[in-house]
Each structure stands twice: as structure tokens, then as C-alpha cells.
2 protein chains.
Amino acid sequence: MGVTIKKIAADLNLAVSTVSKALRDSYEISPETKMRVFEYAARLNYVPNLYASSLKRRRSGNIAVVLPEVADSFFSSAIDGIEEVAQSRGYHVMVYLTHEDVGREQSIVHEFRNGRVDGVLMSVVANEATYDHLVELGGRDMPLVFFDRVCEGIHSAQVVTDDFESARKATQHLIDRGSKRLAFLSLAGDLAIIRLRQEGYQQALRDNGLDEQKNPVVYCTHTEADNLPLIRKLLQGEHRPDGIVGSVEKVATQTYTVCHELNLSIPTQVRVVGFSHLQIAGLLNPSLTTITQPAFEMGKAAATLLFRGLEEKADVRSEKIIIPSVLVARQSTA
Amino acid sequence: MGVTIKKIAADLNLAVSTVSKALRDSYEISPETKMRVFEYAARLNYVPNLYASSLKRRRSGNIAVVLPEVADSFFSSAIDGIEEVAQSRGYHVMVYLTHEDVGREQSIVHEFRNGRVDGVLMSVVANEATYDHLVELGGRDMPLVFFDRVCEGIHSAQVVTDDFESARKATQHLIDRGSKRLAFLSLAGDLAIIRLRQEGYQQALRDNGLDEQKNPVVYCTHTEADNLPLIRKLLQGEHRPDGIVGSVEKVATQTYTVCHELNLSIPTQVRVVGFSHLQIAGLLNPSLTTITQPAFEMGKAAATLLFRGLEEKADVRSEKIIIPSVLVARQSTA
DNA sequence: CTTATTTACGAAACCGTTTTCGTGGTAAAG
DNA sequence: CTTTACCACGAAAACGGTTTCGTAAATAAG
């Protein structure tokens with residue numbers, strides 16, 4: 001079908017090996033021959049067959065990005081950063097969505113055994129009951145970098161934000177603004193970053209002599225239908241909190257939904273702060289105070305780390321990059 | 001390195017061809033032999049080498065999604081839909097971002113000549129001065145489906161929403177609510193969908209006997225830094241419009257930014273409606289009336305169409321799927 | 001019992017590169 | 001005039017499957 005090295009070789013009265021080397025600019029080939037080959041190849045519009053060379057060279061030029069969803073501003077910005085780095089290095093990005101389903105994550109990771117990708121960037125699902133599939137992935141020679149949602153128990157490169165400290169600061173911020181009774185909207189499952197954020201929240205409670213019983217942690221899920229009643233109940237209870245820390249973007253916006261529904265005024269009756277990367281946080285009603293994660297930078301850092309493991313074949317498994325978030329105070333905590 | 005068909009064949013005293021056929025469940029192989037092969041392969045944890053089979057079978061199992069950006073709720077939802085269909089069919093999704101740069105789009109599309117992907121889903125960049133690269137892509141045997149941002153002049157499958165009619169309805173909605181002086185925030189470049197939306201807007205003007213000069217079309221760009229001054233100027237001019245139609249999500253939210261900045265009240269002084277797929281449109285200040293595009297469904301439809309061209313090798317180039325948007329009236333046009 | 005047909009498998013070509021290993025020829029070194 | 005070094009290239013073996021074609025044995029048909 002297409003024009004192959006073989007055809008070029010035949011037409012030019014050269015051996016295929018010669019043509020191959022010429023195209024790869026090998027020192028073994030004279031400048032004149034290279035020129036002949038280059039020009040003829042260009043004239044025929046020669047495109048090397050990816051699969052032939054991948055087969056031989058045992059690399060695909062693809063990297064995988066595995067994440068729970070893409071309709072979250074954090075993840076979409078992270079993809080943006082990853083794609084930028086990948087494109088600049090001539091790599092291609094494959095995107096896989098787990099939708100918080102361990103089963104999907106397993107089968108996706110399982111697929112990677114066939115060499116379709118040379119490396120993996122990953123934000124794990126929340127309910128990582130078993131992570132054997134990740135152990136197996138890490139055990140292979142394929143570089144693996146976790147970003148944001150890391151899997152503890154796997155010795156692997158990580159790119160995260162300062163979850164504990166950010167959450168502590170956000171909580172302190174609520175307290176400083178006058179909130180007396182707090183609540184932390186956590187996420188069911190067992191995510192390291194969520195646990196850290198939660199601990200940061202609790203640290204702030206202790207720092208201010210607040211009781212952990214009266215300032216609870218509420219475990220939300222990943223589906224709005226579950227969370228709205230949960231948050232509704234929290235805000236309708238007799239001990240209504242007047243300060244809420246959202247561990248992820250979704251629960252913060254869901255809190256807004258409930259507050260609007262219950263006619264609770266933000267920030268007068270309830271202050272809200274949330275981890276989020278929404279560009280339009282400032283346009284919400286009222287504008288939302290956010291712990292803004294460096295999503296784009298985290299994506300870039302993760303990808304860069306991956307390529308260090310990939311191209312310099314360095315062992316980056318002990319690398320841990322922490323990029324701080326910034327608290328952007330807005331109306332919701334005024 | 002890994003376990004190959006060759007090894008299985010040797011260990012089982014079979015020919016490689018026999019093992020290959022057994023694994024592919026060929027009728028040529030007896031049930032007993034198949035069983036032997038299956039079990040042994042499973043025991044050794046055999047994984048077929050993707051590149052060997054891709055080389056021979058001339059298909060990669062990958063599809064490409066080429067789009068301007070991912071940090072837009074429309075596109076991220078579309079990816080979601082695409083990924084769902086692809087995953088269910090055992091295909092893999094490669095994501096390419098053009099960032100509205102024709103040059104990037106060209107080099108991306110150019111890459112597809114090597115067979116890395118079997119088909120392409122695409123939302124073109126706005127400034128498609130020349131689209132030779134798309135002509136060339138469409139000219140090859142590789143299925144191509146445009147979604148949302150189609151490229152006219154290329155005979156190819158399309159999945160779009162009812163842009164003209166939606167824009168007309170949105171404009172009529174503004175007029176019905178009492179707006180007297182309108183403006184349409186368009187997008188520079190030459191996108192078919194933008195032109196259609198603009199024509200829908202102008203149709204509504206004519207339907208209501210409104211003058212096109214006094215109800216202008218303003219051409220925005222893709223960068224906020226350009227648009228804010230533009231919108232600011234529009235809203236500060238002596239003939240300030242009291243009804244704005246945003247052709248894409250970005251310009252609608254940017255209008256919000258400017259209105260907040262200028263202390264213009266929405267909807268009292270300015271009504272705003274925009275094409276958008278934001279889940280949190282209802283939480284904006286004030287909640288934003290949207291023409292909500294069926295992003296997820298469009299992604300699914302586009303992918304499904306692509307697979308029809310891919311697996312049934314049907315010629316889908318004349319297919320055009322139109323999935324209507326819905327106007328969700330909220331506070332911004334009250 | 002002969003002839004056609006089916007069944008189950010093997011040998012080998014092939015997909016398009018890359019890479020190793022030679023080799024004849026020329027130039028430099030001894 | 002040998003020996004040693006390149007130089008520039010070719011032959012052929014990979015890489016790991018898939019596919020075509022051939023064939024021995026078993027079965028069915030005549």
C-alpha cells in the first residue's frame with residue numbers, strides 16, 4: 001500500500017539496511033547517499049510504519065493518563081499540562097477514564113501489559129480496596145507517576161499539592177473569619193490526599209481548641225444524588241455548621257446548591273471554602289473562596305517526571321514533588 | 001522478554017500458527033487443542049504483542065480526538081461520551097489539543113499518516129484559513145467525523161447541535177423578556193457553527209423588526225485578555241446593549257466578569273444568555289441562562305458514527321446528526 | 001475398494017523496520 | 001610492502017504475530 005523502505009531501496013539500488021540507516025542519519029552512511037535517500041523519500045512522501053519500528057524498538061511513543069473523570073476542572077487542566085509536555089517531546093497521550101470504578105481501573109491497567117504505552121500517569125480511584133493491579137504495574141519496567149490522587153503502598157513517583165497544610169490554612173481562615181462550628185465534607189473511600197486534607201482540618205480544630213465531635217467530618221460520595229441529601233441533612237440539623245470545608249470541587253458546589261435551595265445565605269449563615277480549580281469561582285453566587293490547586297503545573301511536573309524515567313531511564317520512584325496550592329479568599333468566606 | 005506465541009508453541013509441541021489460530025479461536029483448531037493452548041497461555045500470563053499484530057493486521061485499535069482545548073465543559077463532556085463508547089468497543093482514545101493553532105492542528109493531523117490511529121474525531125480550530133491538511137486526511141481511507149466544530153468544504157460525517165435555531169430561540173427569549181438592544185458575542189475566525197449561531201441571532205432580529213446596525217455582532221477572540229476590553233467597551237458605550245448572546249461559554253462568563261467589574265446588574269441592566277454546558281450555570285451570580293448543548297450525547301454519537309465507518313467499513317461521510325440543544329432559562333434573563 | 005471431502009495441524013512467507021555482523025575497498029601506519 | 005584502520009555499504013536475522021497454503025489422516029460418498 002504505502003511506500004516502504006523496501007521500495008525506496010529497490011528504486012535506488014540500495015539495501016534496505018542502508019536506507020534505514022540513512023533515514024536515521026547514521027554515521028555509517030555517506031552524506032551523498034543520505035541526500036539521495038532523503039530526497040527520494042520526501043518525493044515519495046514516505047512515512048515510516050509506526051508498528052514495524054515499535055515492534056523492533058519496543059517502544060510506542062505513547063503515554064497513558066488514567067483518571068477518574070475529565071469533567072472536573074482540576075483534571076482537565078492537568079491533562080492540558082500533560083499534553084503540552086508530551087506534545088513538545090513528540091509523545092502521544094492516551095486518556096482513560098475510570099469513573100471511580102476499581103474494576104475499570106483494573107482492566108485499564110491490565111491492558112497496559114501489551115506495550116501500548118511506555119509510561120503511565122495516574123490519579124487513582126477512591127475506593128482502592130485492593131491495588132494489586134497497581135503493584136503489578138509498578139513492578140514492571142514501565143515508569144509510573146501518580147499525580148494528585150496517589151496510591152500509598154506503591155513505591156512510585158508522586159506529584160501532589162500540600163494537602164495537609166492547605167486544608168489547615170483554609171480551616172484556620174474560616175475560624176479567623178468568625179465561623180464557630182465547622183464541618184469537613186470528605187469523600188468516602190480511602191484517598192491519601194483526602195485523608196491529609198481531613199487531618200489538616202482537624203489540626204486546625206485542635207490549634208483552636210475546637211472539639212472534633214462538634215465539628216464533624218461528613219463522608220460524601222461521588223454521585224450528586226447521594227450528596228445533596230447528606231449535605232441537606234447537615235445544614236438542616238439543629239447544630240448547623242457555619243463554616244464548611246469542601247475536600248473536592250464537587251462537594252463545594254453541591255453545598256452551594258443546597259444553600260440556595262434552603263435559602264441559607266453564604267457567607268452570613270454559612271461560610272464555604274473548597275479545593276477547586278474553577279476559573280469561574282469568582283463568578284459564583286457568592287464568589288467562592290478556593291484552595292486553588294496548581295493543576296496545570298502538576299500535570300506538567302508529572303509528565304516531566306515521567307519522561308525523566310522514560311528517556312533518561314532514571315529511577316524516579318523516590319521522587320516526590322509538592323506544588324503548593326494557594327488560598328484565594330472571596331465572598332463565600334467574607 | 002515476555003512470553004510469546006513461539007514459546008507456547010515450543011512448550012506445547014505445536015506450531016506457532018496452530019497456537020495463533022487457537023488463541024484467535026479459529027475453526028481450524030480442535031476444541032481440545034484450543035483448551036490446552038488457552039490454559040497454558042493463561043498460566044504463563046501470555047499477553048499478545050500489540051505491535052506485532054498491528055503490523056500484520058494494519059490496525060491500531062486507537063482513535064484520535066482532536067480538539068482546541070479540554071478546559072471547556074463542552075469538550076470535556078464530549079470526551080467523556082467518546083471515551084465511554086470507545087471503551088465499550090475495546091478501542092483506545094488519544095487526545096490531541098490544538099489550542100486554536102492551525103499549525104498544531106496541521107502537524108497533529110500530519111502525524112496520523114503513520115497509522116497510529118484508525119479513525120479521527122475532530123473539532124477544528126477557529127482560524128481555518130487553509131484546510132488542506134483536512135482534505136488530505138479525509139482523502140485517505142481513515143474514517144473522519146467532525147463534531148461541533150465542523151469543517152465545511154470537507155465531505156465528511158458530522159455531529160452538531162441545532163445552532164441556528166438555538167441561537168434564534170435564545171435571542172427571541174431575550175426579546176421576549178424585554179431586551180431592546182442586543183449584541184451577539186461572536187468568535188473571530190470562520191467557524192460554521194459560529195456563523196450559524198450568528199445567523200440565528202440575526203434571524204431573530206429580523207423577525208422582530210430590529211436593526212442589525214444597532215444590534216451588533218462583536219467579534220471576540222480566544223484569549224481573555226483580548227475579550228475583556230472588548231466587552232468592557234461594548235458595555236460602556238453610549239448605546240449599551242441590554243441583552244447579550246454569547247456564542248460560546250467563554251464569552252458568556254467573560255461578560256459576567258465585566259458586568260461585575262462595572263457594577264452592571266444582571267439581568268436588570270443586562271440580560272445574558274450563552275451557549276454552555278456548565279453544570280454549575282445555576283450557581284453563578286446570577287444563575288446563567290444557557291443554551292445547553294448535548295455534549296455527552298454528541299460525543300457518543302460521533303464515536304458511534306466513527307465506529308460504523310470503522311468496523312462496518314460503511315461510508316458514513318454523508319451522515320449528519322443534529323442533536324438539539326435546550327434553552328434553560330435562569331436568573332440572568334429574568 | 002476407490003474417490004471426494006473434511007478435519008486438524010504445520011511450514012513458511014509476510015508485515016516493515018532495526019540491528020548485528022560481514023566484507024571489499026581505500027587510506028593511514030609501521 | 002604488509003598490517004591496521006576506517007568507510008560505506010549489504011546480507012540476513014531478528015521483532016512477534018497473522019495468514020496462506022499444503023498435507024496427512026480420518027471420514028463420507030459412490
Side-chain angles (χ1 to χ4, degrees), chain A residues 1-38 40-41 44-62 90 111-118 140-141, chain B residues 1-38 40-42 44-62 90 111-118 141:
Chain A
M1 196 92 319
V3 30
T4 72
I5 272 191
K6 202 179 300 183
K7 173 167 175 49
I8 297 181
D11 291 2
L12 256 43
N13 261 322
L14 291 172
V16 289
S17 52
T18 307
V19 176
S20 174
K21 289 172 193 165
L23 289 172
R24 313 199 104 246
D25 205 21
S26 161
Y27 69 96
E28 290 184 54
I29 306 300
S30 72
E32 306 86 62
T33 309
K34 278 183 189 170
M35 261 310 142
R36 279 215 302 154
V37 172
F38 279 143
Y40 192 66
L44 291 202
N45 221 326
Y46 166 72
V47 176
N49 182 298
L50 183 66
Y51 295 102
S53 62
S54 278
L55 176 58
K56 196 65 183 146
R57 305 175 64 190
R58 302 172 169 291
R59 47 177 297 277
S60 64
N62 301 331
E111 283 255 29
F112 295 160
R113 302 183 308 163
N114 63 10
R116 192 183 298 262
V117 298
D118 299 335
R140 297 232 292 297
D141 51 355
Chain B
M1 198 95 318
V3 29
T4 71
I5 270 192
K6 204 179 299 181
K7 175 169 174 45
I8 296 182
D11 291 2
L12 257 42
N13 262 323
L14 292 171
V16 290
S17 52
T18 306
V19 176
S20 174
K21 289 172 193 164
L23 289 172
R24 313 200 101 246
D25 205 20
S26 161
Y27 68 96
E28 290 186 52
I29 306 300
S30 71
E32 306 87 60
T33 308
K34 279 183 188 170
M35 261 311 142
R36 280 215 301 154
V37 172
F38 279 143
Y40 191 66
L44 291 202
N45 220 328
Y46 166 73
V47 176
N49 183 298
L50 183 66
Y51 296 101
S53 60
S54 280
L55 176 56
K56 191 64 180 156
R57 306 176 63 190
R58 302 172 171 291
R59 47 179 297 277
S60 63
N62 300 332
E111 282 256 28
F112 294 161
R113 300 183 309 161
N114 62 11
R116 192 182 297 264
V117 297
D118 299 335
D141 51 358

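Throughout, protein chains are lettered first and strands after them, A, B, ... in sequence-line order, and every chain is numbered starting at 1.
- Each end of the helix from C:dC1-D:dG30 to C:dG30-D:dC1 gets its own axis from five base pairs, and the two axes differ in direction by 50°, given to 10 degrees.
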Protein-proximity profile, nucleotides 21-28 of chain C, B/S/- by nucleotide at the 4.0 Å heavy-atom cutoff, equals B-------

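- Listed nucleotides C:dG16, D:dG17, C:dA11 differ in distance to B:Tyr46; the shortest reach to its side chain belongs to D:dG17.
- A straight line from NZ of A:Lys34 to C1' of D:dC9 spans 13 Å, rounded to a whole angstrom.
- Rounded to an integer number of Å, the gap from CG of B:Asn49 to C1' of C:dC15 is 13 Å.
- Between A:Ile8 atom CD1 and C:dG16 atom C1' the separation is 11 Å, expressed in whole Å.
- Not one side-chain nitrogen or oxygen of A:Ser20 sits closer than 4.0 Å to the OP1 or OP2 atom of C:dT17.
- One interatomic measurement links the two molecules: CG of A:Leu50 to P of D:dC15, which rounds to 19 Å at whole-angstrom precision.
- In this structure, CZ of A:Arg59 is placed 15 Å from C1' of D:dC15, rounded to the nearest angstrom.
- Nearest nucleotide to the side chain of A:Ser17, out of C:dG10, D:dT18, D:dA12: D:dA12.
- Distance B:Tyr51 OH to C:dC15 C1': 16 Å, rounded to the nearest Å.
- For the pair B:Lys6 NZ and D:dG16 P, the computed distance is 7 Å after rounding to whole Å.
- Annotation: side chain of A:Leu14 is in contact with side chain of A:Val37 (closest heavy-atom distance under 4.5 Å).
- If you take CG of A:Leu23 and P of C:dT19, they are 13 Å apart, rounded to a whole angstrom.
- When the side-chain nitrogen and oxygen atoms of B:Arg58 are compared with OP1 and OP2 of C:dG16, one or more of them lie within a distance under 4.0 Å.
- Candidate nucleotides C:dT17, C:dC9, C:dC15 were compared by shortest atom distance to the side chain of B:Leu55, and C:dC15 ranks first.
- If you find the closest nucleotide of DNA chain D to A:Tyr27 and to A:Val16, the one lying nearer the 5' end belongs to A:Tyr27.
- For D:dA8, its base never sits under 3.5 Å from the side chain of A:Ser30 at any donor and acceptor pair.
- A distance-only check finds a donor-acceptor pair linking the side chain of B:Ser54 to the backbone of B:Leu50 [under 3.5 Å].
- Dashed line: the shortest gap from a side-chain N or O of A:Lys56 to OP1 or OP2 of D:dG16 is not under 4.0 Å.
- Between B:Thr4 and B:Asn49, every side-chain heavy-atom pair lies at or beyond the 4.5 Å cut-off.
- Residue B:Arg57 places no side-chain N or O under 4.0 Å from the OP1 or OP2 atom of C:dC15.
- When the shell of 6.0 Å around NZ of B:Lys34 is examined, it contains more than 12 heavy atoms from other residues, nucleotides or ligands.
- Positionally, the nearest nucleotide of DNA chain C for B:Glu32 lies more toward the 5' end than for the other of A:Thr4 and B:Glu32.
- Of the side-chain N and O atoms in A:Thr33, one or more sit less than 4.0 angstrom from OP1 or OP2 of D:dC9.
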